[in-house]
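Since the structure comes first, as structure tokens, the remarks are kept for the end.
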Amino acid sequence: MKKLSDNYEENLSGLRRILDTDRNFDILEKHLLIADRSASLFFIDGLVKDDILEKILEYFYSLKPEDLPASLEQFQVQSLPYIETEVLTDMDDVLKNLLSGVPCLFLPGMSGCLAIDCRTYPARSVEEPLKDRTLRGSRDGFVETVVFNTALIRRRIRSPKLCMEMQTAGESTQTDIVLCYMQDRVDMACLRKLKNRIQSISVDALTMNQESLSELLLPGHWFNPFPKFHLTERPDTAAASILEGNIVVLVDNSPSAIILPTSLFAITEEANDYYFPPITGTYLRLSRFLIMIMSLILTPLFLLYMQHPEWIPPTLEFIKIQDTVNIPLIWQFLLLELAIDGLRLAAIHTPDMLSTPLSVIAGLVIGEFAVNSGWFNAEVMLYMAFVTIANYSQSNVELNYAIKFMRVLLLLFTCWFSLAGFIGGLLVIAACLLGCRTFSGHQYLYPLIPFHWDTLKRQLFRVKL
């Protein structure tokens with residue numbers, strides 16, 4: 001770290017050269033006269049609270065020479081009526097604070113720099129996230145400003161045991177990372193591992209913020225699609241996880257939190273499970289598990305039965321395809337898997353005013369003509385429609401895509417090797433689940449493997465809090 005010089009003009013010229021203030025229009029230097037002394041205030045336009053800074057400047061202009069103390073430490077105590085202030089002595093600290101939006105004041109005859117934290121960030125309102133909605137419960141959600149997100153958690157956990165540690169990563173971005181945990185409940189070994197991993201990160205920038213951090217924290221096999229972290233946009237879910245002894249990681253500019261350690265059962269949990277009575281919450285949780293399993297095996301199992309119609313029980317004879325099959329079933333399923341993703345991507349980029357009519361056109365008109373033209377059979381369209389709707393029973397997008405990839409793999413194995421392929425595909429899926437490790441190193445299927453009935457009972461059934 002480079003120490004600030006005792007020479008006032010040398011500090012100013014060095015800072016102007018590094019920041020290139022003549023070229024950057026938004027990095028401003030305001031020349032002040034405080035107690036008959038020339039001073040300079042550096043700040044970034046758009047990242048300061050103008051009304052607060054105006055009141056501070058009014059107070060500065062009212063100071064007289066006899067009111068000015070000998071050092072910046074005494075100045076911030078005696079002559080600055082503001083709470084969030086700090087004396088900086090290193091140029092690196094000055095640059096970090098200034099580029100984060102903190103105004104920095106230089107006074108001649110006083111060594112160091114006075115940081116006045118009256119910054120503000122452009123932010124949207126705290127509203128319910130579109131993905132993690134609930135029928136009951138709070139309607140607030142995380143935003144892109146990390147300070148607002150920590151406040152939403154502090155509002156729910158009013159305990160001195162709640163710790164929020166600040167870390168940074170990225171040479172250029174200096175992205176703020178906050179670790180939230182309860183001192184008396186957290187796994188200290190996991191916490192130390194997380195801190196060491198963040199401090200050892202050597203990258204120029206966390207380009208995609210949270211996703212970049214996740215990939216750096218747990219670099220795993222790219223071909224295993226199951227999510228290694230539990231992401232949530234709900235402050236109540238994050239607060240509940242902290243109280244359970246987990247660690248919540250907040251990344252600046254990301255409107256969601258990373259919860260770790262986690263498991264498959266924890267990822268499938270939702271806030272709706274706890275905002276209803278135990279019997280309703282249990283039904284929602286078990287039905288979600290059942291729908292997830294059905295969305296995985298329904299189309300491969302149908303393909304297997306169509307390959308061997310003699311295996312169909314008499315009571316299920318109606319599932320046989322009655323019309324002519326013009327295109328092999330495997331190609332119908334694969335084309336529909338791709339077409340559904342195409343419609344989903346189109347819906348993301350469609351203006352809100354057009355999304356509803358275009359959805360009706362895509363769902364009814366195109367679907368009906370696809371069947372009538374002979375491209376697809378009605379039974380295939382029915383099962384794929386169920387699979388598509390079932391994907392939205394899970395709020396975790398990464399898990400939905402993992403199920404999709406496993407379903408396509410199971411379809412291909414079943415097409416190529418019939419019953420042996422279906423069983424082999426299930427074994428491959430089981431191997432992916434068993435080989436998936438969480439950040440703490442525990443099994444992904446805990447508490448099923450290793451088996452722990454008391455914990456598994458709480459994961460499957462909604463018990464009283």
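Values reported hereafter were calculated over all heavy atoms of this structure, with side chains retained and with hydrogens, waters and symmetry mates removed. Every value quoted in this text rests on a predicted model; they were computed, and no experiment measured them.
Between the side chain of T262 and the backbone N or O of I259, no donor-acceptor pair lies under 3.5 Å. When atom types are taken as modelled, the side chain of N24 and the backbone of D20 share a donor-acceptor pair closer than 3.5 angstrom.
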Practice prompt. Run the numbers on N11 and S5 for side chain to side chain donor-acceptor pair (under 3.5 Å), then give the verdict.
Written response: CA-CA 6 Å; N11 290 331; S5 171; 4.5 Å; no
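Within a 6.0 Å sphere centred on CZ of F451, heavy atoms belonging to other residues, nucleotides or ligands number more than 12. Within a 6.0 Å radius of CZ in F148, other residues, nucleotides and ligands contribute 12 heavy atoms or fewer. Other residues, nucleotides and ligands contribute over 12 non-hydrogen atoms within 6.0 Å of the NZ atom of K193. When the shell of 6.0 Å around CZ of R155 is examined, it contains 12 or fewer heavy atoms from other residues, nucleotides or ligands. Annotation for M208: atom CE does not count as buried by contact number, only 12 or fewer foreign heavy atoms lying within 6.0 Å. Atom OH of Y121 has more than 12 neighbouring heavy atoms from other residues, nucleotides or ligands inside a 6.0 Å radius.
T280 is not listed as a side-chain neighbour of D273, based on a closest heavy-atom distance of 4.5 Å or more. Looking at heavy atoms from C-beta onward, L152 lies in side-chain contact with F142 at the 4.5 angstrom threshold. Annotation: side chain of E165 is in contact with side chain of K195 (closest heavy-atom distance under 4.5 Å). Side-chain contact check for L114 versus C104: every heavy-atom pair is 4.5 Å or farther apart.
A donor-acceptor pair shorter than 3.5 Å can be found between the side chains of Q76 and T85. Under the 3.5 Å distance criterion, with hydrogens and angles disregarded, a donor-acceptor pair is assigned to the side chains of S172 and D204. Side-chain polar atoms of Q210 and S254 form no donor-acceptor pair below 3.5 angstrom. Of the N and O atoms on the side chains of S40 and E29, at least one donor lies less than 3.5 Å from an acceptor on the other residue. A side-chain N or O of Y275 and one of D236 form a donor-acceptor pair less than 3.5 Å apart. Between the side chains of R133 and S395, no donor-acceptor pair is found at a separation under 3.5 Å.
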Please list every donor-acceptor pair under 3.5 Å in which a side-chain atom of residues 424-433 meets a protein atom from a residue at least two apart or in another chain.
none

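Across I27 and I44, no two heavy atoms sit closer than the pair CG1-CG1, 4.4 Å. Across all non-hydrogen atoms, the minimal contact from I34 to A39 is CD1-CB, 4.0 Å.
Classified by interplanar angle (parallel below 30°, tilted 30° to 60°, perpendicular above 60°), the ring pair F289/F265 is tilted. Taking the six-membered ring for Trp and thresholds of 30 and 60 degrees, H452 and Y446 have ring planes inclined between 30 and 60 degrees apart. F405 and Y401 have tilted rings, their planes meeting at an angle from 30° to 60° on a 0 to 90° scale.
Ion pairing between a basic and an acidic side chain is recognised when a charged N comes within 4.0 Å of a carboxylate O; D140 and R234 show no such pairing. The pair R285-E270 fails the salt-bridge criterion, with no side-chain N (NZ, NE, NH1 or NH2) lying under 4.0 Å from an Asp/Glu carboxylate O. For the pair E54 and K49, the salt-bridge criterion is not met [side-chain N within less than 4.0 Å of a carboxylate O]. Under a 4.0 Å N-O distance rule, the pair E127/R139 does not qualify as a salt bridge.
Looking at residues two or more places apart in sequence or on another chain, you find no salt bridge (Lys or Arg N to Asp or Glu O under 4.0 Å) involving D45.
The CG atom of L399 lies 11.5 Å from the CG atom of L231; values are rounded to the nearest 0.5 Å.
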